[in-house]
Amino acid sequence: MLLHSICTIFVPKNSNEDNEDKVRHETGKTKLRLKAAPSVNIKKQHMENADKLRIALVQAPIEWGNPEANLHRFGRQLGRLQGKADIALLPETFTTGFSMQAEAIAEPAGGPTLPAIRNWASAYNLAIAGSFIASENGRYFNRGFFVTPEGHTRLYDKRHLFRMAGENEHYTAGNAPLVVPYKGWNINLVICYDLRFPVWCRNTGNAYDVLLCCANWPEARSRAWRTLLEARAIENMAYVCGVNRVGADGNGIPFRGDSLAFSPKGEILADAENGETVRIATLDKEALLRFRAKFPAWQDMDKFVIC
């Protein structure tokens, strides 16, 4: 194995339960029940470099077109992660579901999502990434975000719009990738359909160490989802973490989750399979650097320009 991975699973018995003691920690075949971590003042930790990076894959259903309910659900999940993760990755359009009714549900500047994310990031001392539907100057965007505990906010507008659902008819595509430095790691954020385009995800010159992908990826194409995440990890010599939703959306399309984390060698570090859960994968920077030095295929990557 390239590194040692740790998965943490949160499985609420029902949607109203909020008991932080119900945490199962898995390391190989050993299972330990843990108490919730005490609240401590560690606000400066995210500024320091970290040899290990803990990424939480937050897999859950999304209430169709109901931001208030979804903010409540994901806020509860994130509250359980204090002291247990450095980054939490949420599904694509986590406040509404993947809807083409952009005019009705898009948030203007000053809407509730980013303030809630900043509050959670600060309160629970972790960075949070995902996407929501935003409006700006009469246009609509599937807008990704990466928010640090200090409130520093970086945004990414989805580049590849899913024409099979008409996303390209309702939303405006972005034109700039996003790579964020955090705790000594460079992190690239993409959204769902972007994953199918290896040129857009190409890690030229080892520009990033981790690729994060938030998605609403239907169950019918779950094999492609798993395969593409693994392929992006291997070809880019980087960790890849993907989070998908579960349940059915407002159009009756089912989603089975399969949120995953892969090592640069394509090893599975965390696999959420189906159902509402959170898994945590621990990434090892030194192991990544050793692998890139020992097997420097990145030096032979083709050069290109995206038009």
Where at least one partner belongs to residues 241-284, residue pairs that pass ring pair (Phe, Tyr, Trp, His ring centres under 6.0 Å), sequence neighbours excluded: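 Pairs touching residues 241-284 that pass the test: none.
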Nearest non-hydrogen partners of [X] and [Y], listed with the distance:
X	Y	answer
Ala261	Ala281	CB-CB, 3.6 Å
Pro67	Thr96	CG-CG2, 4.1 Å
Thr148	Ala121	O-CB, 3.5 Å
Arg159	Ile306	NH2-CG2, 3.5 Å
Phe146	Ala129	CD1-CB, 3.9 Å
Leu228	Arg196	CD1-CG, 3.6 Å

Spatial distance of atom [atom1] ([X]) from atom [atom2] ([Y]) [nearest 0.5 Å]:
X	Y	atom1	atom2	value
Cys241	Leu283	SG	CG	5.0 Å
Glu150	His152	CD	NE2	4.0 Å
Asn186	Leu211	CG	CG	12.5 Å
Thr172	Leu161	OG1	CG	8.0 Å
Leu57	Leu260	CG	CG	8.0 Å
Asn125	Gln82	CG	CD	7.5 Å

Single-linkage hydrophobic cluster, 4.5 Å side-chain cutoff, [X] and [Y] together:
X	Y	value
Leu71	Val58	yes
Val246	Leu89	no
Ile253	Phe162	no
Tyr208	Ile234	no
Leu195	Trp200	yes

For [Y], is there any backbone N or O sitting under 3.5 Å from a side-chain donor or acceptor partner on [X]?
X	Y	value
Glu92	Asn216	yes
Lys285	Gly184	yes
Asp157	Gly174	no
Asp86	Arg54	yes
Arg202	Glu235	yes
Asp209	Trp185	no
Trp64	Gly97	no
Asn70	Glu63	yes
Trp217	Arg221	yes
Ser131	Thr93	yes

Tell me, do [X] and [Y] make a side-chain contact under 4.5 Å, heavy atoms counted?
X	Y	value
Ile55	Tyr239	no
Leu78	Leu90	yes
Arg143	Phe145	no
Ile268	Arg226	yes
Leu189	Val180	no
Leu212	Ile187	yes
Asp249	Phe98	no
Asn142	Glu167	yes

Name each donor-acceptor pair under 3.5 Å that joins a side chain in residues 103-110 to protein atoms two or more places apart or in another chain, with its distance.
residue : atom : partner : partner atom : Å
Glu107  : OE1  : Thr113  : N            : 3.2
Glu107  : OE1  : Thr113  : OG1          : 3.4
Glu107  : OE2  : Thr113  : OG1          : 2.3

Hey, are Tyr156 and Asp194 close enough side-chain-wise for a donor-acceptor pair under 3.5 Å? yes
Yes or no on side chain to side chain contact (heavy atoms under 4.5 Å, CB included) for Asn236 and Asn188, after CA distance, side-chain angles and deciding distance? CA-CA 12 Å; Asn236 291 301; Asn188 186 11; over 6 Å; no
Restricting to ring pair (Phe, Tyr, Trp, His ring centres under 6.0 Å), what partner residues turn up for Phe295, sequence neighbours left out? none
Determine the sole option in Glu273, Gln59, Arg279 for which the side chain to side chain donor-acceptor pair (under 3.5 Å) test with Ser259 is passed.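 Between Ser259 and the candidates, side chain to side chain donor-acceptor pair (under 3.5 Å) is satisfied uniquely by Gln59.
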Apply side chain to side chain contact (heavy atoms under 4.5 Å, CB included) to Arg73 and Phe94, showing your working. CA-CA 10 Å; Arg73 177 191 294 274; Phe94 82 101; over 6 Å; no
Take the angle between the ring planes of Phe197 and His160 and call it parallel below 30°, perpendicular above 60°, tilted in between. parallel
Walk me through it: do Asp258 and Leu229 pass the test side chain to side chain contact (heavy atoms under 4.5 Å, CB included)? CA-CA 11 Å; Asp258 287 321; Leu229 288 170; over 6 Å; no
Dump the intermediate steps for side chain to side chain contact (heavy atoms under 4.5 Å, CB included) on His170 and Tyr140, then the final yes or no. CA-CA 7 Å; His170 299 275; Tyr140 305 100; over 6 Å; no
